[in-house]
Amino acid sequence: MTVKQVEFDQRVTRLNKKHAKLSRGYRATMRKDGLVVMKPQRVKSAVPAKVLLMCLFGLFAFKTFLMTSLGTSAYEFRVDSLAQGTTVEKAGAWVMQIDPVSEFLAAQIDRFTS
């Protein structure tokens, strides 16, 4: 009797997991034998990867623009002064610090404009 109870508990656990997955969305598919089976859909991200990549591209473009228009030393001075501020300003300084990608892009733009 205990073996049957364990099997029953395992089946209930599997069904509860499947129900939880199906509650987030499902699609109906038909098997080769004609039985319609519900399959859970994958949960999609709230923010698409394309949007994140565009934001990252925009950040690098903005930093590159500032570095070419202000110059590297003036840009570094402004980021350093921003790092002396509040917690939010320190976070902004960390994001706006000179990175190899922005530095390379600024050097390439300076080479073409000079």
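- Hydrophobic cluster membership is shared by Phe104 and Val101, with clusters built from Ile, Leu, Val, Met, Phe, Trp and Tyr side chains linked at under 4.5 angstrom.
- Leu70 is not connected to Leu82 by any chain of hydrophobic side-chain contacts under 4.5 Å among Ile, Leu, Val, Met, Phe, Trp and Tyr, and they are in different clusters.
- Side-chain contact between Leu35 and Met30 is absent, with no heavy atoms from C-beta onward closer than 4.5 Å.
- At least one side-chain heavy atom of Ile109 sits less than 4.5 Å from a side-chain heavy atom of Thr64.
- In the displayed structure, Met38 atom CE is contacted under 6.0 Å by more than 12 heavy atoms of other residues, nucleotides or ligands.
- In this structure, Tyr26 OH and His19 NE2 are separated by 10.5 Å, a value rounded to the nearest 0.5 Å.
- At a cut-off of 3.5 Å, with distance as the only test, a side-chain donor of Asp99 or Ser102 sits close to an acceptor on the other residue.
- The hydrophobic clustering, which links ILVMFWY residues whose side-chain heavy atoms are closer than 4.5 Å, places Leu105 and Leu56 together.
- The shortest side-chain heavy-atom distance between Asp80 and Gln84 does not fall under the 4.5 Å cut-off.
- Of the residues listed (Glu103, Lys63, Gln97), the one engaging Tyr75 in a side chain to side chain contact (heavy atoms under 4.5 Å, CB included) is Lys63, and it is the only one.
- Considering all non-hydrogen atoms of both residues, Val79 and Met96 come closest at CG2-O, 3.7 Å.
- For the pair Arg24 and Pro40, the minimum side-chain heavy-atom distance is 4.5 Å or more.
- A side-chain donor-acceptor contact under 3.5 Å links Glu89 to the backbone of Thr86.
- Note: Phe62 CZ to Phe65 CZ = 8.0 Å, rounded to the nearest 0.5 Å.
- Clustering ILVMFWY residues whenever any of their side-chain heavy atoms sit less than 4.5 angstrom apart, transitively, puts Trp94 in the very cluster that holds Met67.
- In this structure, Thr13 OG1 and Arg11 CZ are separated by 11.5 Å, a value rounded to the nearest 0.5 Å.
- Through direct or indirect side-chain contacts shorter than 4.5 Å among Ile, Leu, Val, Met, Phe, Trp and Tyr, Phe8 is connected to Val12.
- Here the straight-line distance linking atom CZ of Arg27 with atom CG of Leu22 works out to 11.0 Å at 0.5 Å rounding.
- Chaining together hydrophobic side chains whose heavy atoms lie under 4.5 Å apart leaves Leu15 on its own.
- Counting only heavy atoms from C-beta outward, the side chains of Thr29 and Val36 never approach each other to under 4.5 Å.
- Here the straight-line distance linking atom CD of Gln10 with atom CD of Gln5 works out to 11.0 Å at 0.5 Å rounding.
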